[in-house]
Peer 1: 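So that we are looking at the same thing, I have put the structure below in structure tokens.
Quick caveat: nothing in here was measured; it's all calculated off a predicted structure.
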Amino acid sequence: MNARHLWTIAKKDLHGVKSERTIVLAILLQVFIAMFSSFLVVGLTSLYDPEALGEQGGGLAIGYAGADSPLAGLLHEDGGFVVYRMDLSEAVAALKERQVSAVVYVPDTRPDAEAPVKVTLYTIKNDIQGAAASAGLKDAFEAYEEDLRDVRADRLATVPVEVAAPESEGGQTFFLFVYGLLIPLLLFLPAIISASLVIDFVTEEYGAQTLDTLLSTPVTFVECFWGKVLAAWILVPLQAGAWLLLLAANGIFIENALAVLALVSAAALALILLAGVAALHYRERTAAQFVYSTALVAVILAALAVPGNPGHLLVLLSAGAAGPWEYMMVGASVLGTVVLAALADRYARAMEIRTRG
């Protein structure tokens with residue numbers, strides 16, 4: 001395989017990327033998010049976890065039913081809710097009519113009673129207000145739980161061990177949002193986009209009937225395929241590296257940057273090869289994109305179901321929590337991609353024979 005031929009094909013397709021407005025806009029959007037991540041993360045965090053809004057996100061109406069308890073006072077002190085005292089049936093009816101976002105029911109159980117105090121929270125399933133109310137009520141419930149533990153402390157047979165966890169800057173919500181959602185989204189999105197790109201690169205040669213002209217040059221069919229794969233793949237480490245630099249400029253530092261780039265590049269190449277093989281098989285953009293999109297959903301769901309999946313590894317690596325096992329998984333991911341590349345090369349050679357026939 002001639003490397004100069006591969007680069008010639010790759011350069012041709014990379015020049016064509018400039019005319020793809022959708023791709024350019026997607027890249028610009030990611031650049032915008034990465035450049036201003038420290039600013040946007042405040043608003044995005046509030047969407048990820050409504051509790052992050054604090055008192056400014058309050059105003060949700062909560063129905064309180066049942067016995068008087070310190071929990072009612074804690075809800076009033078929170079400031080994020082407007083609490084209405086109701087009968088349970090009246091409160092549930094108000095919830096069904098969406099006049100309140102949630103209903104809290106406290107049973108008539110004394111704090112020092114033998115039986116547990118079972119507080120019931122009523123919300124509407126899959127409702128945004130219910131989710132926001134549940135997140136906001138967490139602090140009040142935990143404070144009430146601490147009160148009950150204090151009242152019943154004399155029943156403890158053993159003394160609990162206190163864990164002195166250091167206070168971190170930004171809080172847990174910020175950490176979870178940045179390292180658990182923002183970074184995987186920014187780094188894996190270029191891989192998904194590039195896999196779609198390679199389908200366009202391959203199928204447009206069939207659609208425009210330019211493949212025969214291309215093969216009349218010294219470039220072979222397999223070199224043409226790998227040149228297009230190279231054009232789509234080379235964008236991923238470039239974008240991922242740029243995102244890491246821009247995130248660092250915004251004060252979000254990524255540990256193990258090289259391992260992160262290796263993992264993202266391997267995952268991107270695997271997706272690009274799957275998309276490239278689909279394009280070679282179907283030779284038509286719509287069919288290949290449909291098959292790739294369907295397979296992508298299945299691959300992502302299957303990957304997320306496996307312990308140590310690429311998303312999990314990326315979070316551990318970027319947060320500096322990876323151990324020897326995680327580095328072995330990165331190596332296994334790279335090795336698996338090499339095997340997939342060998343299979344894709346074999347399929348491309350078979351398609352070359354079919355094309356000549």
Peer 1: Please assess N256 against Y327 for the test side chain to side chain contact (heavy atoms under 4.5 Å, CB included), listing each intermediate value before the final yes or no.
Peer 2: CA-CA 10 Å; N256 307 307; Y327 287 108; 2.8 Å; yes
Peer 1: Walk me through whether V100 and M86 qualify under side chain to side chain contact (heavy atoms under 4.5 Å, CB included).
Peer 2: CA-CA 11 Å; V100 295; M86 304 175 175; 4.0 Å; yes
Peer 1: Examine distances only and state if a side-chain atom of W233 and a backbone atom of I272 form a donor-acceptor pair shorter than 3.5 Å.
Peer 2: no
Peer 1: Partners of E255 by side-chain contact (heavy atoms from CB on, under 4.5 Å), sequence neighbours excluded?
Peer 2: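 Result, side-chain contact (heavy atoms from CB on, under 4.5 Å) vs E255: none returned.
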Peer 1: Report whether L314 and V334 are members of the same hydrophobic cluster (ILVMFWY, side-chain heavy atoms less than 4.5 Å apart, transitive linking).
Peer 2: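 No; V334 is not reachable from L314 via cluster members.
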Peer 1: For A270, check side-chain contact (heavy atoms from CB on, under 4.5 Å) against everything at least two apart and list the hits.
Peer 2: T337, L340
Peer 1: Return all side-chain donor-acceptor pairs below 3.5 angstrom for residues 287-296, not counting sequence neighbours, or 'none' if the list is empty.
Peer 2:
| residue | atom | partner | partner atom | Å |
| --- | --- | --- | --- | --- |
| Q289 | NE2 | S196 | O | 3.3 |
| Q289 | NE2 | D200 | OD1 | 3.4 |
| Y292 | OH | I192 | O | 3.3 |
| S293 | OG | Q289 | O | 2.7 |
| T294 | OG1 | F290 | O | 2.8 |

Peer 1: Atom NZ of K96 and atom OH of Y122: how far apart are they, to the nearest 0.5 Å?
Peer 2: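 One gets 10.5 Å once the value is rounded to the nearest 0.5 Å.
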Peer 1: Please list, chain by chain and in numerical order, all residues satisfying side-chain contact (heavy atoms from CB on, under 4.5 Å) with V277, sequence neighbours excluded.
Peer 2: A344, Y347
Peer 1: Identify every side-chain donor-acceptor pair in residues 111-118 under 3.5 Å, counting partners at least two apart or on other chains, and give the distances.
Peer 2:
| residue | atom | partner | partner atom | Å |
| --- | --- | --- | --- | --- |
| D112 | OD1 | R110 | NH1 | 2.5 |
| D112 | OD2 | R110 | NH1 | 3.4 |

Peer 1: So which heavy atom on E352 is nearest to which on T220, and how close?
Peer 2: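 Residues E352 and T220, closest heavy atoms: OE2-CB, 3.7 Å.
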Peer 1: Could you pull out all residues at least two apart from D345 that satisfy side-chain contact (heavy atoms from CB on, under 4.5 Å)?
Peer 2: M1, V222, W226, R349
